[in-house]
Structure formats: C-alpha cells, structure tokens
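Working notes, structure below.
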Amino acid sequence: MGAGATSGAAPIVPDAEREAVAAALGRVRARIADAEIRFGRAPGSVELLAVSKVQPAVKIAAAYAAGQCAFGESYAQEALEKQAALRALPLHWHFIGRIQSNKTREIAAGFDWVHGLCDLKHARRLAEQRPAELGPLKVCVQVNTSGEASKAGLDPAMVADFVGECAALGRLDVQGLMTLPAPSDGLDAQRRPFAALRSLRERIATPELPLPVLSMGMSADLEAAVAEGATIVRIGTAVFGPRPPVR
Ligand SMILES: *Cc1c(COP(=O)(O)O)cnc(C)c1O
C-alpha cells in the first residue's frame, strides 16, 4: 500500500451493479458446469477468469462480492490504475493482452499470470524484472492455432523449444498453453483450434514441464473450449456486458 494512499477501501458498489454482475456470473458459472457435465469433465476442473479490460473498477468490485477473485486485463496502464483502486481486495491479476517491451516491468511486478507469451525477448525481460520478493511469474505460451499471419502466437512447431527456453530463465513458471482463435460459428468449427492446442500439449508435455493449463475459450465459444480440455476460460462480455469503446 503506497504511503500516499488516502484510503484502503474498495469502491462502493451500487446495488443494481452488484445484482447485474452477480446474475451474469451465475449464468456463466452454470454454462461452465453444464459443459463440464456434457463433455465428461470433472466438476470444478475449469477455472473462470473474468476479463475486466475496459470495464470500470466498480464492476470488478461487484464481481468480487459475488465470489470472483481472478481477473484478466489487456492494457497495462489501465490495469495498474484499477489495481490501485482495488488494492484492499485480495484479487489475482492475469495479463492477457499483447505485451509491449516498454510495459514488461509493470507487468512483471503487477500481475500473477501472463497469458499470451510468444516472444523470447519479452520472456527474458519479464524474468529479469520479476521482483525478487514475488514468486515466479506464471505464464502460458500463446499458440497460433488458426494459421493466420495476422494473429499473435507461435507456430505450433516452435512451441516445445520456446517452452524450454522460458523455463530455463528461472523466474518464469510455465503453466501451459493459450490460444485466441479467429471467431467461428458452430460447436464443431469452434472445437478445431482448441483440439489442436490440446493435442500439441499432449505431444510436448514432459514430466519436468507437464503444462497442466490450457487457457482457451471466451464468451462465444466456452463450451467448445471445455469440450477440448480448457482449464481456464477467459470470459469478458458474458460476465460484464458489452465493453465500452477503447480509449
Ligand atoms: C477480451 C478477451 C477475452 C474475452 O472476450 P469475450 O468475448 O468478451 O469473452 C478473452 N481473451 C482475450 C485474450 C481477450 O483479449
């Protein structure tokens, strides 16, 4: 807590906000639970990451009041401001955006997890800049499962070596793989890139680096992701409603 802090209190959440977010969270939890049953997954094996990018801190406080502790943010500066406003709450922060070299220090210090690592230069910076008093930074390596040149993520053929190089840096704890496929309609089409991530994990996991985490699935395709073994689904719109336009 900074010396200049005026108050450690979390934002006051209006009742209507609290109820709206609690109801939406309940619906998303029910979707996850239904998908776990439908696709033979163990109950409780899929973790919900609430993606709060571009949403105000008060909505995060509302979600916390409804039992949600893990939040995903995409813009480092915006996230730091909200983290400061919410520092009274024991929240877990996941960075899920595109990493910029000039933001790695803030990300290494301010987040528990980074999804979307796919550049060794960023990995080195995050490892060097992770504060000594914090444990290793948990990371997921982003894989391009759609084969489009414009999408971020590593070519699947590069992933095994990259995972090994990240793990060798010491201050990164490589938890698994992440993907953000192009949107598609229909369960079968949505499952394809998630199946590719799952089978890549099966091929490259080792006893030393078992890569237990598959971070995949968003509001529109969470069922497909659960069907293919997601352990973390990253859900924004279905929890918080439509995002306000990015600044
Ligand atoms: C915004 C975002 C999400 C959440 O998307 P929704 O469709 O709102 O659920 C998930 N993952 C990443 C990487 C994102 O940027």
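Whatever order the structure lists them in is the order used to number ligands and atoms, beginning at 1.
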E128 bridged to R124 by N-O distance under 4.0 Å: no

Side-chain H-bond candidate by donor/acceptor type, Q175 with D173, under 3.5 Å: yes

Every residue of the protein that comes under 4.0 Å of ligand 1, judged on heavy atoms: V51, K53, S74, I96, M178, L180, M218, S219, R234, I235, G236, T237, R243

Ring geometry between W93 and F71 (parallel below 30°, tilted from 30 to 60°, perpendicular above 60°): tilted

Nearest non-hydrogen partners of K82 and P56, listed with the distance: CD-C, 4.2 Å

Check: E73/S52 side-chain N/O donor and acceptor closer than 3.5 Å: yes

Lys/Arg-Asp/Glu bridge criterion (N-O < 4.0 Å) met for E228, R198: yes

